[in-house]
Amino acid sequence: MRSNELKFLANLAKQRLMNKNYDEKPVINKNKASSYFICNALALKKLKAETNYVTIKDSEDIEFINKVRDILDSDCYNPLGRLCDQEYFSTLDDRQKQFYILNLSEKYNKVKSELMIG
């Protein structure tokens with residue numbers, strides 16, 4: 001937004017406050033559209049996205065907790081590699097792999113902290 005437009009909008013807001021016209025909306029020439037909004041509208045028209053969600057249960061199952069316990073008992077340098085389901089992991093694309101690993105690491109850290117405390 002250019003500084004002139006910002007000053008104009010600030011002046012309108014100041015006038016509304018001084019005149020206590022809180023409910024009135026300022027009348028702006030609707031034929032002039034800001035270039036910022038035009039660019040964003042064009043970008044939104046071009047934007048097409050497809051999303052696929054991978055869900056991971058929040059409640060840790062007994063098998064996962066036992067795997068984490070075994071990993072903590074042994075000297076493991078790659079705990080996420082041992083926890084990862086390799087067959088499922090090979091079917092994912094790069095973005096899904098990152099999402100899967102981040103969720104797996106969050107789940108691992110949660111179980112690890114609970115086991116260390118308890």
Side-chain angles (χ1 to χ4, degrees):
M1 189 179 274
R2 288 186 254 156
S3 64
N4 290 339
E5 293 174 14
L6 185 60
K7 287 180 184 178
F8 174 72
L9 292 174
N11 191 22
L12 285 176
K14 181 180 176 184
Q15 292 300 321
R16 281 196 314 268
L17 288 173
M18 288 175 51
N19 297 331
K20 298 179 182 176
N21 296 332
Y22 304 115
D23 296 329
E24 290 183 21
K25 292 183 180 179
V27 178
I28 299 175
N29 187 354
K30 296 190 186 217
N31 294 332
K32 287 185 173 182
S34 172
S35 62
Y36 173 79
F37 293 110
I38 292 173
C39 292
N40 282 340
L42 293 174
L44 286 174
K45 284 182 182 178
K46 293 178 183 177
L47 182 65
K48 294 180 182 175
E50 293 180 17
T51 56
N52 295 324
Y53 296 100
V54 177
T55 57
I56 297 175
K57 291 190 288 186
D58 274 347
S59 61
E60 281 70 23
D61 53 321
I62 303 298
E63 182 181 338
F64 185 80
I65 294 173
N66 290 335
K67 283 184 181 179
V68 172
R69 186 175 288 129
D70 292 341
I71 288 171
L72 292 176
D73 290 341
S74 66
D75 291 329
C76 179
Y77 296 107
N78 187 8
L80 295 178
R82 287 183 54 189
L83 291 172
C84 182
D85 181 7
Q86 295 297 330
E87 292 176 13
Y88 175 71
F89 189 73
S90 63
T91 63
L92 301 175
D93 65 356
D94 290 337
R95 188 175 28 184
Q96 291 172 334
K97 286 179 181 179
Q98 291 174 2
F99 182 77
Y100 179 76
I101 292 295
L102 286 173
N103 282 326
L104 189 65
S105 65
E106 182 180 342
K107 192 174 173 181
Y108 169 75
N109 286 331
K110 183 179 176 183
V111 172
K112 179 181 171 183
S113 65
E114 288 177 4
L115 288 175
M116 293 293 191
I117 292 172

S.K.: For F89 versus K97, what's the shortest heavy-atom pair and its separation?
M.R.: O-CE, 3.3 Å

S.K.: How would you list, by chain and number, every residue that makes a salt bridge (charged side-chain N to carboxylate O under 4.0 Å, His left out) with E87, sequence neighbours excluded?
M.R.: none

S.K.: Go through the structure and list residues passing side chain to side chain donor-acceptor pair (under 3.5 Å) with N11, not counting sequence neighbours.
M.R.: none

S.K.: Of N103, L104, L102, which meets side-chain contact (heavy atoms from CB on, under 4.5 Å) against E106?
M.R.: N103

S.K.: Nearest 0.5 Å please: distance from the CG atom of L80 over to the CD1 atom of I71.
M.R.: 8.0 Å

S.K.: As an exercise, state the distance from CG of D70 to CZ of R82, rounded to the nearest 0.5 Å.
M.R.: 7.0 Å

S.K.: Kindly compute the distance separating NZ (K67) from CD1 (I62), expressed to the nearest 0.5 Å.
M.R.: 13.5 Å

S.K.: To the nearest 0.5 Å, what is the distance between CD on Q98 and CD on Q96?
M.R.: 10.5 Å

S.K.: Can you confirm whether more than 12 heavy atoms, excluding those of D85, are under 6.0 Å from its CG atom?
M.R.: yes

S.K.: What distance separates S113 OG from Y108 OH, expressed to the nearest 0.5 Å?
M.R.: 10.5 Å

